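For this chain, numbers begin at 1 and follow the sequence in order. Keep in mind that this is a model prediction, so the values were computed, not measured. First listed ligand is number 1; within each ligand, the first listed atom is number 1.
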Amino acid sequence: MRILGILGSPHKSGNTNLLMEATLAGAAAAGADTEQVNLGELEMKFCVACAKCYADGTCIHEDDVAALTAKMSTAEGLVLGSPNYMHTVTAQMKTLMDRCSVHVHCFLLEGKYGAAVATAGGSGEEQVAEYENEFLQLCGARTVGIAAAKAAGPKALLDQEAALARADALGRNLVAAIREKREYPDQAAAHAAFFPRMKELVTRRGDRCPFQFGHWQSKGWL
Ligand SMILES: Cc1cc2nc3c(=O)[nH]c(=O)nc-3n(C[C@H](O)[C@H](O)[C@H](O)COP(=O)(O)O)c2cc1C
């Protein structure tokens, strides 16, 4: 079982990384193969809303995102991590999310499980982690929970021992959920409510966006 951690902090040894590493350590202790990617080390251009990904499944940009999304597609579990920047995720994490628009239209993370970690200097760490999970759910994944903590300073979390224990438990829980193929009725209901909107969009744009139309056809969703 592969678990991929995606860190959106520019600090690869910072506060959010403490939670990410502890989450991946928990997953590894539960038997998963883990890998971490730091978005700050990648070349990632902004989405320019050209809709090429809807049309043929590829991006106009030639940067590191295609390799990352390929990696995401081979993992059973994904952990997103970001500090709170202005009440939301970092620009690095948001850039990845925007570049995954076709993942939302086609639910390309269907069958995968996710989890999220976040930190903040003052407040909002839980909201940021929940937002990361919301993105994963929009892409069709099921999310198992969050680990969030306030920063006590650089590379130091408030109540660090407890925060790292929560992150470790999150990683173990992610592995258990994948093994059990755990169901989340509230997430299934939200997905069922979102599905008709995407179906309408994919159908209406069928001529101009054959990739996403073909994906929906191949899934038997149309
Ligand atoms: C540009 C920027 C924006 C931030 N915005 C917020 C904020 O809105 N609320 C907050 O509580 N902390 C904010 N912070 C503080 C970070 O969330 C906090 O220091 C975090 O733990 C840093 O994580 P890192 O070490 O992984 O980078 C901000 C920090 C920066 C650099």
May I ask you to decide if Ala66's main-chain N or O and Arg99's side chain share a donor-acceptor pair within less than 3.5 Å? no
protein heavy-atom neighbour closest to atom 25 (O) of ligand 1 works out as Asn15 N, 2.8 Å
For atom 18 (C) of ligand 1, grab the closest protein heavy atom and report residue, atom and distance to one decimal in Å. Gly121 N, 3.4 Å
What protein heavy atom sits nearest atom 14 (N) of ligand 1, and how far away is it? Asn84 O, 3.2 Å
For atom 22 (C) of ligand 1, the protein heavy atom that lies nearest, with its residue and separation: Pro83 CB, 3.6 Å
Residues, nucleotides or ligands: over 12 heavy atoms within 6.0 Å of Glu161 CD: no
Could you tell me whether Gly122 and ligand 1 have an N or O pair separated by under 3.5 Å? yes
Neighbour count >12 (heavy atoms, 6.0 Å) for atom CZ, Phe46: no
Carefully, step by step, assess Asn17 and Gln36 under the rule side chain to side chain donor-acceptor pair (under 3.5 Å). CA-CA 10 Å; Asn17 183 59; Gln36 181 174 328; 2.8 Å; yes
Can an N or O of His87 be found at a distance shorter than 3.5 Å from an N or O of ligand 1? yes
Is there a donor-acceptor contact under 3.5 Å linking the side chains of Thr143 and Tyr184? no
For the 3.5 Å polar cut-off, considering only N or O atoms, please tell me whether Gly14 and ligand 1 meet it. no
Are more than 12 heavy atoms, taken from residues, nucleotides or ligands other than Lys94, located less than 6.0 Å from that residue's NZ atom? no
Heavy atom of Gly124 under 4.0 Å from ligand 1? no
Could you pull out, from Leu157, Leu158, Thr119, Leu19, the option with a heavy atom nearest to atom 21 (O) of ligand 1? Thr119
Show me which atoms of ligand 1 lie under 4.0 Å from any heavy atom of Ala151. 21 (O)
Give the residue, atom name and distance (to 0.1 Å) of the protein heavy atom nearest atom 26 (O) of ligand 1. Thr16 OG1, 2.7 Å
Mind checking whether Ser9 contacts ligand 1 via backbone (N, CA, C, O), side chain (CB onward), both or neither, at a 4.0 Å heavy-atom cut-off? side chain
Spell out, as yes or no, whether a donor-acceptor pair under 3.5 Å connects the side chain of Asn15 to the backbone of Ala120. no
What about Met86: any of its N or O atoms under 3.5 Å from an N or O on ligand 1? yes
His11 neighbourhood, listing ligand 1 atoms whose heavy-atom distance to it stays under 4.0 Å: 24 (P), 25 (O), 27 (O)
Quick one: are Gln212 and Leu201 in side-chain contact, heavy atoms under 4.5 Å? yes
What's the spacing between Leu24 CG and Asp168 CG if we round to 0.5 Å? 10.5 Å
Between Arg166 (side chain only) and Ala148 (backbone N and O only), is there a donor and an acceptor less than 3.5 Å apart? yes
Protein contact of atom 29 (C) of ligand 1 - nearest heavy atom, named by residue and atom, plus distance: Tyr85 CE1, 3.6 Å
